[in-house]
Protein chains: 2
Amino acid sequence: MIVIDAASPTPPYEQLRAQLARQIQDRSLAVGTRLPTIRRLAADLSLAVNTVARAYRELEEAGLIETRGRAGSFVSAAGVQALDRAHSAARDYAAVVTSVGIDPAEAVRIVEAALGVRQR
Amino acid sequence: MIVIDAASPTPPYEQLRAQLARQIQDRSLAVGTRLPTIRRLAADLSLAVNTVARAYRELEEAGLIETRGRAGSFVSAAGVQALDRAHSAARDYAAVVTSVGIDPAEAVRIVEAALGVRQR
DNA sequence: TGCCATGACTCAACATGTTGATACAAAGCT
DNA sequence: AGCTTTGTATCAACATGTTGAGTCATGGCA
């Protein structure tokens with residue numbers, strides 16, 4: 001079940017991406033499952049095709065899904081196990097920074113720096 | 001030495017904040033050091049007062065500096081040791097996610113979720 | 001080969017974030 | 001008390017990000 005809150009400050013495409021990523025991570029969407037087409041999902045959620053397409057594109061860049069052209073988009077095997085370990089490591093990191101009293105926003109920026117991600 | 005790249009996609013206030021945070025973290029700016037006034041720094045860097053003020057405000061929220069009204073802004077003792085441990089933990093996390101091949105942008109979002117930070 | 005359902009692309013309207021000029025409030029100093 | 005220097009708040013102009021409608025390119029299939 002996916003719900004988009006139009007009143008939320010986080011944009012719809014990101015809400016959708018996050019919810020799909022979560023369902024993949026907790027196996028609600030098993031590896032190999034075919035996702036709905038972007039038009040179908042857009043219609044169901046009353047979103048623009050573009051919005052759903054962007055969520056799918058980002059999931060593909062992250063290695064969570066594969067798009068096989070005409071055949072549709074599928075949950076990829078590669079990313080799922082990696083996600084588990086990343087979540088576990090993230091919990092460890094969160095525990096450290098909260099225990100030393102670092103501001104969460106700053107903690108995120110520190111990780112961005114460590115990963116070499118261009119800051120927001 | 002602080003340089004602001006006006007052509008960079010990361011906004012000036014964030015560039016400034018990041019560079020000050022780094023100088024505090026590597027002790028170029030020792031605990032107790034008085035920072036330049038926002039007007040002085042704004043003039044030196046050819047920025048608006050507001051831009052420097054925002055960088056200082058965020059550093060204060062993060063616990064890295066203290067502003068003592070009329071007397072100016074100073075590097076705070078509290079945050080610095082915490083920063084060290086956070087940086088160390090962030091390097092650990094970065095090592096894990098890169099070793100399992102997670103996309104850096106996704107790795108950042110996973111940490112945001114673990115920290116309960118509202119996504120971008 | 002023609003069909004047609006799939007995701008990718010383009011572009012204008014709109015929403016949000018950022019900056020810079022200006023005015024304000026607080027507080028130490030003489 | 002008055003002056004001066006500090007950071008703070010307000011607000012309009014501008015830049016960037018997001019959305020939605022429409023069009024295009026691709027490729028499997030009868």
Side-chain angles (χ1 to χ4, degrees), chain A residues 2 4-20 32-76 105 108-109 117-120, chain B residues 2 4-20 32-76 105 108-109 117-120:
Chain A
I2 292 178
I4 303 298
D5 175 10
S8 165
T10 84
Y13 82 87
E14 170 60 19
Q15 293 184 46
L16 177 55
R17 189 209 61 78
Q19 291 185 49
L20 288 172
T33 304
R34 182 180 190 273
L35 296 174
T37 71
I38 58 177
R39 283 163 223 271
R40 178 54 172 275
L41 197 49
D44 289 352
L45 300 174
S46 302
L47 295 175
V49 171
N50 238 343
T51 304
V52 180
R54 175 159 182 185
Y56 276 34
R57 174 160 33 92
E58 299 211 356
L59 288 169
E60 179 164 36
E61 283 171 8
L64 290 184
I65 71 174
E66 282 173 24
T67 170
R68 300 208 265 274
R70 169 81 170 78
S73 301
F74 298 82
V75 177
S76 167
V108 169
R109 287 187 291 246
V117 172
R118 195 168 51 198
Q119 328 270 355
R120 44 144 50 221
Chain B
I2 293 177
I4 302 298
D5 176 10
S8 166
T10 84
Y13 82 87
E14 170 60 19
Q15 293 184 46
L16 177 56
R17 190 209 61 77
Q19 292 185 47
L20 288 172
T33 303
R34 183 181 190 272
L35 296 174
T37 71
I38 58 176
R39 281 163 225 272
R40 178 55 172 274
L41 198 48
D44 289 352
L45 299 174
S46 301
L47 295 175
V49 171
N50 237 342
T51 305
V52 180
R54 175 159 182 186
Y56 277 32
R57 174 160 33 92
E58 299 211 356
L59 287 169
E60 180 164 35
E61 282 171 7
L64 290 184
I65 70 175
E66 283 173 22
T67 170
R68 300 208 265 275
R70 170 82 172 80
S73 300
F74 298 83
V75 177
S76 167
V108 169
R109 287 188 289 247
V117 172
R118 194 168 52 199
Q119 328 269 357
R120 48 142 50 217

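Residue numbers start from 1 in every chain, and the chains themselves are labelled A, B, ... in the order their sequence lines are given, proteins ahead of strands.
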Atom-pair distance ([atom1] on [X]; [atom2] on [N]), nearest Å:
X: B:Arg17; N: C:dT19; atom1: CZ; atom2: P; result: 13 Å
X: A:Leu16; N: D:dT19; atom1: CG; atom2: P; result: 10 Å
X: B:Glu14; N: D:dA15; atom1: CD; atom2: C1'; result: 17 Å
X: A:Ile4; N: D:dG20; atom1: CD1; atom2: P; result: 11 Å
X: A:Arg39; N: D:dG22; atom1: CZ; atom2: P; result: 13 Å
X: A:Glu60; N: C:dA8; atom1: CD; atom2: P; result: 6 Å
X: B:Ile38; N: D:dA9; atom1: CD1; atom2: C1'; result: 11 Å
X: B:Glu58; N: C:dT18; atom1: CD; atom2: C1'; result: 12 Å

If you round to the nearest 0.5 Å, how far is [atom2] of [Y] from [atom1] of [X]?
X: A:Tyr13; Y: A:Leu16; atom1: OH; atom2: CG; value: 11.5 Å
X: A:Ile38; Y: A:Ser73; atom1: CD1; atom2: OG; value: 8.0 Å
X: A:Leu35; Y: A:Leu41; atom1: CG; atom2: CG; value: 8.5 Å

Using heavy-atom distances to pick each residue's nearest nucleotide on DNA chain D, tell me which of B:Leu35 and A:Gly69 is more 5'.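 Comparing both residues, the 5'-ward one is B:Leu35.
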
Is the phosphate of [N] approached by [X] (side-chain N or O, under 4.0 Å from OP1 or OP2)?
X: B:Arg54; N: C:dT18; answer: yes
X: B:Ser73; N: D:dT6; answer: no
X: B:Tyr13; N: C:dT18; answer: yes
X: B:Thr51; N: C:dT18; answer: no

Tell me if the side-chain of A:Arg57 makes a donor-acceptor pair with the base of C:dG7, cut-off 3.5 Å, by modelled atom types.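 In this structure, the two groups form no donor-acceptor pair.
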
Just to be sure I understand the rule, does A:Arg68 reach a base, reach only the sugar-phosphate, or reach nothing, if contact means heavy atoms closer than 4.0 Å?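 No contact.
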
(request) Describe the nucleic acid contact of A:Arg40 in one word from base, sugar-phosphate, nothing, applying a heavy-atom distance below 4.0 Å. (result)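 Since no nucleic acid heavy atom lies under 4.0 Å of A:Arg40, the category is nothing.
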
Considering only [options], which nucleotide approaches the side chain of [X] most closely?
X: A:Ala48; options: D:dG20, C:dT19, C:dT6; result: D:dG20
X: A:Arg34; options: C:dG7, C:dT19, C:dT6; result: C:dT6
X: B:Thr67; options: D:dG7, D:dT19, C:dA8; result: D:dG7
X: A:Asn50; options: C:dA8, C:dC9, C:dG20; result: C:dC9
X: B:Arg70; options: C:dG7, D:dT6, D:dT19; result: D:dT6

Check: Just by distance, do the side chain of A:Arg109 and the backbone of B:Ala18 share a donor-acceptor pair under 3.5 Å?
Finding: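 Not at all, since once roles are kept as given, no pair shorter than 3.5 Å links the two residues.
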
Partner of B:Pro12 by side chain to side chain contact (heavy atoms under 4.5 Å, CB included), out of B:Val52, B:Leu47, B:Leu45
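Result: among B:Val52, B:Leu47, B:Leu45, B:Leu47 is the only option passing the side chain to side chain contact (heavy atoms under 4.5 Å, CB included) with B:Pro12.
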
Under a 4.0 Å N-O cut-off, is there an ion pair linking A:Glu14 with A:Arg17?
->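 Looking at A:Glu14 and A:Arg17, the cut-off is met.
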
**Request:** Nearest-nucleotide wise, let me know which of A:Ala71 and B:Ala71 is further upstream toward the 5' end of DNA chain C.
**Result:**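 Per heavy-atom nearest nucleotide, the more 5' residue is A:Ala71.
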
